[in-house]
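Fair warning: this is a prediction, and the values are worked out from it, not measured in the lab. Below, chain A is the first sequence line, B the second, and so on; all start at residue 1.
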There are 2 protein chains.
Amino acid sequence: MRLSRYFLPILRDAPKEAEIVSHRLMLRAGMIRQEAAGIYAWLPLGLRVLDKISSIVREEQDRAGAIECLMPTIQLADLWRESGRYDAYGEEMLRIKDRHEREMLYGPTNEEMITEIFRAGVRSYKDLPKNLYHIQWKFRDERRPRFGVMRSREFLMKDAYSFDLDQAGARTSYNRMFVAYLRTFARLGLKSIPMRADTGPIGGDLSHEFIILAKTGESEVYCHKDYLDFETPPETVNFDDAAELQSYFDKWTSLYAATDEMHEKAEFEAISEDKRVSARGIEVGHIFYFGTKYSLPMKALVTGPDGKDTPVHMGSYGIGPSRLAAAIIEAGHDDSGIVWPEAVAPFRVGLVNLKPGDAAVDAACEDLYAKLEAAGVDVLYDDTDERPGSKFATMDLIGLPWRLVVGPKGLASGQVELKRRSGGAAEALSPEQAVATILG
Amino acid sequence: MRLSRYFLPILRDAPKEAEIVSHRLMLRAGMIRQEAAGIYAWLPLGLRVLDKISSIVREEQDRAGAIECLMPTIQLADLWRESGRYDAYGEEMLRIKDRHEREMLYGPTNEEMITEIFRAGVRSYKDLPKNLYHIQWKFRDERRPRFGVMRSREFLMKDAYSFDLDQAGARTSYNRMFVAYLRTFARLGLKSIPMRADTGPIGGDLSHEFIILAKTGESEVYCHKDYLDFETPPETVNFDDAAELQSYFDKWTSLYAATDEMHEKAEFEAISEDKRVSARGIEVGHIFYFGTKYSLPMKALVTGPDGKDTPVHMGSYGIGPSRLAAAIIEAGHDDSGIVWPEAVAPFRVGLVNLKPGDAAVDAACEDLYAKLEAAGVDVLYDDTDERPGSKFATMDLIGLPWRLVVGPKGLASGQVELKRRSGGAAEALSPEQAVATILG
């Protein structure tokens, strides 16, 4: 993409309303724009990140056997009356009346609707297990939205719902998502730790939050240090093997880890002092097993092997891609701006032309741009008339993994300059060497 | 995908509420499920089609130089007061109050919001032209929603917005989208004809609807027969060449074509009788040039070459991927079900195992499944215990381009059966020949 044709409204100054670093950086880097309190437009650079995050989430859901669908944002109030949550949900639910005065709402979550879809389509235990998910915008009318897309009212969520004949099956479905989540966050460049969690208004018996550690995290968390060195379950996990899944679950829950809400001081202090981690954390995923909480009142029944109808055991599994974009920045930034992990960077390379109009520099840039794009590398090519200092500041701010600079002086001796955003010195290389280094 | 693990709730009987064939077939094929009047969930099979349509739309928008962003679904009423449309829009606008009694709405379109984003980010004519688009859910509270996703309340729309310094520039931007739309519909397997259109509540001076002909179309349309043989602009169109774009526009508007609303009988009857086409049509795209209708009241100004501030000239360009899914079915079906074009088929091949449990048949199916998937072909593998007749009916109903059948009898003589959904006899082939034929 040529910057001259792109839409990248950089802000030089930190917007004063932004309280946390990810919010400041996302606004300054032209990733998002606030359209109302807690409601954001994703500008082109931000959307590229959001889409990359969603793709990784989707790949790992698919790998674990979950099936994608897409439910609408607007739901009927009557559906929520079936579960009893319509009145219970409180002011966070955005309630709407249509032109015929029918009571509707903007979905804050989808347990009721997916249960309705399931019960209409599945009748027999032979069709189980099933896990259906979607990636859709949700709305929760927070009283005081803040922290940008970290706690916005309209937010993107991947929510998956599992259906099993019994608790043992549901446990395996839970473990599938548990493993898929560990893999998802690792691929996003994050170190996540599952922590036993309160089940909150969604209810249920078994629940984990996936927390990443970040200095600017929203809450205090406590865990055993060894978690930081645990290996992520490999791509070759057999998601049909209940015992293998359970072994990953057992390992990743073997040591102490708890959010503030669930913290037990005595248990934590039983850990040897050098292994205690007390830090700030950000919740990036949340999984629940809640048994027949919805299937019973909503009559989501299957015929079991004994010929009798039985309510299915369910779980739900959430990840917020919009919140993750902010969390990844909280975990990866410096004083100059964002430092994206390769997997979600909006572009992999920022190509800087130091003297547009100089025939040799233009030609060298065009050649590099074409070669990298042809090799499947996303390049943001700064072909604008801005001053070099301003171009460098923009590249640092938007945090692309590689910065490739072409100027008349270096080019006279056949060299361009390549630098990693994550650190290390700039290297003078031939254009060919630079391309080879980027392609790795 | 193994059907035994998929979620494909086929209905054997035509639902009585569905008035048009696409609605009946989408419900029967387990593509969609109604969640409220005019509000649908996209079940896994439907979502695959919707995503493929959106991908083609996106590719052609990108090719034409439009830049993707993503605006939120919920908007502030005050934003619409700036353009004067908040009061004018009428009952189709879903109006919402949040917990603080602020007036909001579910966006039916995005002219106001994109104008707000543009004016905050662009100051100079040097940054023009710009075209920003998004693919996002919209809501129009139709008084009487019907025809399934053809006229739903919550619907997916790709809406693009162009910004130019003057009318001449805006005209070129309009032509870019005009050409992109011709290419988009052709890639979706549709024959589209641009027709001069009334500009309706969005307003403006120049507008075309893109209409496809289908017996079950919603409205009467009239055009010159030669349009049906016009060549689609090629992939190599130079979207920077205003003259080339204008030549495609001129060609595709050279003959008579009009919707009922714009029809001029005398002009139509001046065409020689054998060249007159009077048929039913479905609107699948709509483009508008509306000058400074929004930029003037909303003060979206750029500094021109003369140093003076001037309101930008705008256009908007809509395609509904959710409506297109239905339109493609209206244009492609028979008595047995849907006949998907290859480009948007949810899977390319339906692999039917006639005798699950038979070791040789299972092995042959597994081998074909693995080979096709490895070659990048999406396969829906029916490994269930259903009767053969039911399996064939399902495959015909869901309309995958190829049906590949493996049974014990054929296999004994080394043969499987391959058939195209679009017509022609079943062929007995070796498994290797069948794969080679599918891979083309």
Which bit of [X] is near chain A, if near means a heavy-atom gap under 4.5 Å: side chain, backbone, both or neither?
X: Phe139(B); answer: side chain
X: Leu132(B); answer: side chain
X: Thr73(B); answer: both
X: Tyr40(B); answer: backbone

Looking at [options], which has the largest count of heavy-atom pairs under 4.5 Å with chain A?
options: Asp141(B), Leu156(B), Ile67(B); value: Asp141(B)
options: Asp98(B), Leu43(B), Leu94(B); value: Asp98(B)
options: Pro129(B), Pro72(B), Cys69(B); value: Pro72(B)
options: Arg95(B), Arg102(B), His134(B); value: Arg102(B)
options: Ser4(B), Gly121(B), Pro44(B); value: Pro44(B)
options: Arg48(B), Met71(B), Arg143(B), Arg99(B); value: Arg99(B)

Rounded distance [0.5 Å steps], [atom1] in [X] versus [atom2] in [Y]:
X: Tyr294(B); Y: Met314(B); atom1: OH; atom2: CE; answer: 8.0 Å
X: Thr172(B); Y: Asp164(B); atom1: OG1; atom2: CG; answer: 7.5 Å
X: Leu3(B); Y: Ile398(B); atom1: CG; atom2: CD1; answer: 7.5 Å

Inset, instruction - Hey, can you tell me if Phe347(A) and Tyr6(A) have their rings parallel, tilted or perpendicular (30° and 60° cut-offs)? - result: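 Perpendicular: the ring planes of Phe347(A) and Tyr6(A) meet at over 60°.
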
Inset, instruction - Step through the shown structure and confirm whether more than 12 heavy atoms of other residues, nucleotides or ligands are within 6.0 Å of CG on Asp62(B). - result: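 Counting neighbours around CG of Asp62(B), more than 12 heavy atoms of other residues, nucleotides or ligands fall under 6.0 Å, so yes.
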
Options [options], ranked by heavy-atom pairs under 4.5 Å with chain B, top entry:
options: Ile96(A), Ile39(A), Ile74(A); result: Ile74(A)
options: Met104(A), Glu92(A), Arg153(A); result: Arg153(A)
options: Arg33(A), Met1(A), Lys126(A); result: Arg33(A)

In terms of heavy-atom proximity below 4.5 Å to chain B, should [X] be classed as side chain, backbone, both, or neither?
X: His100(A); value: side chain
X: Glu154(A); value: side chain
X: Leu47(A); value: side chain

Inset, instruction - Check step by step if side-chain hydrogen bond (donor to acceptor under 3.5 Å, both in side chains) holds for Thr394(B) and Arg12(B). - result: CA-CA 9 Å; Thr394(B) 293; Arg12(B) 289 292 161 209; 3.0 Å; yes

Is the shortest side-chain N to carboxylate O distance from [X] to [Y] below 4.0 Å?
X: Arg2(A); Y: Glu366(A); answer: yes
X: Asp378(B); Y: Lys52(B); answer: yes
X: Asp240(B); Y: Arg5(A); answer: yes

Legend entry - Ring-face cation contact, Tyr133(A) with Arg58(A), 6.0 Å cut, 45° max: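 Relative to the ring axis of Tyr133(A), which defines the angle, Arg58(A) lies outside at least one limit.
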
